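Encoded as C-alpha cells, the structure appears first; notes follow it.
Not measured: the values here are computed from a predicted model. Keep in mind that the numbers below use all heavy atoms, side chains included, and drop hydrogens, waters and symmetry copies.
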Amino acid sequence: MTRERTTRGGEQRATKPTRGLSRRGEPRGAARKAALLAGLAALLAGSALAACAAAPPRLHPVFPERPAAAKPRGKILFVLSAAREQTLGDSSKRATGTFLGEFYEPYLALTGAGHEVVFATDGGAAPAIDPESLDERYWEDGARRAQAQRFVERAPQVRAPLSLKQARAAADAFDGIVVPGGQGVMVDLLDNADLHALLVHFAVKDQPVGLICHAPAVLTRMRQPNPLSRRTVTSVSSFEELYIETFVMGAEAQVRDIGEQLEDQGYEHETGFPGSAHALRDCNLVTSQNPFSTDRFSALYLEALADYRHGARCADRGRP
C-alpha cells in the first residue's frame with residue numbers, strides 16, 4: 001500500500017511505498033470507513049491524481065545470448081466471467097459480470113497488433129456484462145461503448161466461448177492469458193481450479209499473464225507457492241472498493257480488501273490514487289488497477305508478449 005503526503009499547496013504526493021501499512025496503521029470498522037470516505041472526498045474535490053512509484057519487479061526478462069527469430073504471433077486466451085448475479089455482505093443481490101471496457105479495450109489492442117483472441121468462461125456460458133460498466137464515465141465516447149456492446153451481443157466467439165476445461169486441455173495452443181475485472185470475477189472465477197491451473201501453466205512457461213482490476217484477487221486463492229508468488233502487483237484500491245460499495249453497490253462485497261489479502265499472501269501490492277491510470281509489469285505478470293488503466297495495461301502486456309516471442313525467460317532480480 002502507499003502513504004500519501006499533502007504539500008502546502010494541497011497537492012497529494014505519494015512517498016515511498018510501505019508494505020503492510022494498511023494492516024498495521026489503518027483504523028478498522030466504522031472509523032476505517034469514515035477515514036477512507038474523508039480521504040476519497042478530498043481527492044475527488046480536486047487533489048491531483050497521480051500513480052505512485054511502485055516497488056521494483058521481483059523478476060525481469062532475460063534474453064538468449066544469441067538472438068533468435070521471433071516466434072509467430074499466437075492466440076491469446078481471454079477468460080471472462082459468466083456470473084450474472086452477486087450476493088453482497090448484507091445478503092442483497094445485484095447484477096454483475098465482466099467489466100465491459102476492461103476486456104474490450106485490451107481485446108482491440110491485441111487484435112490490432114495481430115494477435116488472435118479466444119474467449120473462455122466457466123462452463124462455456126455466454127459472458128455476463130456488469131451494468132455499471134456501461135456508465136458513460138468509463139468511456140471516452142459513446143460510439144466506442146456502443147461498438148463494444150454490439151461486439152458482445154453479436155460476435156460468435158463471444159456468444160459461444162470455450163469452457164475453462166476445454167481451454168485448459170488446449171493450453172499449449174495459446175501464448176498468454178488475460179482475465180478482465182468486474183465483480184463477476186469474485187463469483188465464478190475466484191476459486192476456479194481450472195483457471196488456477198491455467199495461470200500456473202502460462203507462468204511456468206514465462207508466457208504473459210494479465211490480471212485486471214478485481215482479477216488479481218484470484219492470486220490470493222491459488223496454492224502457495226506458485227510461479228506467480230511474491231510478485232509486485234496492483235489491483236483495485238481500498239478507496240475504489242469503498243467508493244463502489246458506497247455509491248454503486250449500496251453494500252459491502254463479500255470478498256473485499258483485495259490489496260490487504262494480496263499482501264497477506266506475500267505479494268508486493270502497490271496502487272495509484274483513485275481513478276488514476278495505473279498498471280504494473282513484473283516480467284510476464286501484468287496487473288492493472290481500474291477501468292481507467294486499460295491503455296497502460298495493454299501497452300505493458302504487449303511488451304511482455306514481444307519479450308516472450310523473442311525468447312525471454314523470467315529470472316530473479318540480480319541473477320542473470
How about Arg137: does its CZ atom have over 12 heavy atoms from other parts shown lying under 6.0 Å from it? yes
When hydrophobic residues are tied together by side-chain contacts of less than 4.5 Å, even through go-betweens, does Val187 share a cluster with Leu198? no
Under 3.5 Å, side chain of Arg281 to main-chain N/O of Pro57, donor-acceptor pair present? no
Starting at CD of Gln86, measure out to CG of Asp130 and round the result to the nearest 0.5 Å. 8.0 Å
Does Glu105 reach the side chain of Arg144, with side-chain heavy atoms less than 4.5 Å apart? yes
Matching residue for Cys314 among Leu285, Asp206, Val62 - test: side chain to side chain contact (heavy atoms under 4.5 Å, CB included): Asp206
Please check if any side-chain donor atom of Asp191 sits under 3.5 Å from a side-chain acceptor atom of His196, or the reverse. no
Short side-chain donor-acceptor distance under 3.5 Å, Ser229 and Gln224: yes
Side-chain touch Asp307/His310, heavy atoms, less than 4.5 angstrom: no
Does Ser163 use its side chain to pair, donor to acceptor, with the backbone of Gly124 at less than 3.5 Å? no
Closest non-hydrogen contact found for Phe297 with Leu211 is CE1-N, 4.0 Å
Which pair of heavy atoms, one from Val185 and one from Ala215, lies closest together, and at what distance? CG1-CA, 4.0 Å
Val204, Ile76: one ILVMFWY side-chain cluster at the under-4.5 Å cut-off? no
Asn290 vs Ser293, test: side chain to side chain donor-acceptor pair (under 3.5 Å). Steps then yes/no. CA-CA 6 Å; Asn290 55 38; Ser293 305; 2.7 Å; yes
Are Val178 and Val117 packed together at the side-chain level, in the sense that at least one heavy-atom pair is separated by less than 4.5 angstrom? no
Note, Leu262 side chain near Val233 side chain (heavy atom, < 4.5 Å): yes
Rounded to the nearest 0.5 Å, what separation is found between the CG atom of Leu59 and the CZ atom of Arg231? 4.0 Å
Look at the rings of Phe103 and Phe119 and say which category their plane angle falls in: under 30° parallel, 30 to 60° tilted, over 60° perpendicular. perpendicular
Heavy-atom distance under 4.5 Å between the side chains of Gln265 and Leu219, does that happen here? no
Spatial distance of atom CG (Leu80) from atom OG1 (Thr98) [nearest 0.5 Å]: 4.5 Å
What is the distance from atom CD of Gln261 to atom CG of Asp257, rounded to the nearest 0.5 Å? 7.0 Å
Give the intermediate values and the outcome of side chain to side chain contact (heavy atoms under 4.5 Å, CB included) for residues His115 and Leu305. CA-CA 10 Å; His115 297 276; Leu305 266 176; 3.8 Å; yes
Is there a side chain to side chain donor-acceptor pair (under 3.5 Å) between Gln289 and Thr271 once you walk through the steps? CA-CA 7 Å; Gln289 180 173 329; Thr271 61; 4.8 Å; no
Would you say the side-chain atoms of Tyr301 pair up with the backbone N or O of Pro208, donor to acceptor, closer than 3.5 Å? yes
For Ala95, give me all partners under side-chain contact (heavy atoms from CB on, under 4.5 Å), at least two apart in sequence or on another chain. Pro131
Set out, in order, the CA-CA distance, both residues' side-chain angles and the distance that settles side chain to side chain contact (heavy atoms under 4.5 Å, CB included) for Leu164 and Asn192, then state yes or no. CA-CA 9 Å; Leu164 283 175; Asn192 191 293; 3.5 Å; yes
Quick one: do Phe292 and Leu280 end up in the same hydrophobic cluster if we chain Ile, Leu, Val, Met, Phe, Trp and Tyr together by side-chain heavy atoms under 4.5 Å apart? no
When rounded to the nearest 0.5 angstrom, what distance separates OG1 in Thr220 from CG in Leu190? 5.5 Å
Quick one, Val152 and Gln149 - any side-chain contact, counting heavy atoms below 4.5 Å? no
Would Gln207 and Phe174 count as a side chain to side chain contact (heavy atoms under 4.5 Å, CB included) if you check the C-alpha gap in whole Å, the side-chain angles of each, and the deciding distance to 0.1 Å? CA-CA 9 Å; Gln207 293 175 308; Phe174 302 104; over 6 Å; no
Please find the pair of heavy atoms, one from Met249 and one from Leu88, that lie closest to each other, and give the distance. CE-CD2, 3.2 Å
If we ignore hydrogens and angles and just use 3.5 Å, is the side chain of Glu245 paired with the main-chain N or O of Ala253 as donor and acceptor? yes
Check whether any side-chain heavy atom of Tyr138 lies under 4.5 Å from a side-chain heavy atom of Glu132, and answer yes or no. yes
Tell me whether the rings of Tyr107 and Tyr104 are parallel (<30°), tilted (30 to 60°) or perpendicular (>60°). parallel
Tell me yes or no: between the side chains of His269 and Ser235, is some donor less than 3.5 Å from an acceptor? yes
Is any side-chain heavy atom of Arg58 less than 4.5 Å from a side-chain heavy atom of Glu268? no
Distance col, row Arg221:CZ vs Leu195:CG, nearest 0.5 angstrom, shows 13.0 Å
Shortest non-hydrogen contact from Leu134 to Arg145? O-NH1, 2.7 Å
Between the main-chain N or O of Gly181 and the side-chain N or O of Glu102, is there a donor-acceptor pair closer than 3.5 Å? yes
For Phe202 and Val209, work out which heavy atoms get closest and say how close. CB-CG2, 3.9 Å
Salt-bridged, Asp175 to Lys75, with N to O below 4.0 Å? no
Going only through I, L, V, M, F, W and Y residues with side-chain contacts under 4.5 Å, is there a path from Phe78 to Leu162? no
Side-chain (Glu240) to main-chain (Ser237) donor-acceptor, under 3.5 angstrom: yes
With no hydrogens and no angle check, is any side-chain donor or acceptor of Trp139 less than 3.5 Å from a backbone partner on Ala146? no
Shared hydrophobic cluster, Val158 / Leu110 (ILVMFWY, side-chain heavy atoms < 4.5 Å): yes
Could you tell me whether the side chain of Thr96 and the main chain of Gly184 form a donor-acceptor pair under 3.5 Å? yes
Side-chain ion pair, Arg94 and Glu85, N-O less than 4.0 Å: no
Ignoring hydrogens, what is the shortest heavy-atom contact between Ala304 and Cys283? Give both atom names and the distance. CB-O, 4.0 Å
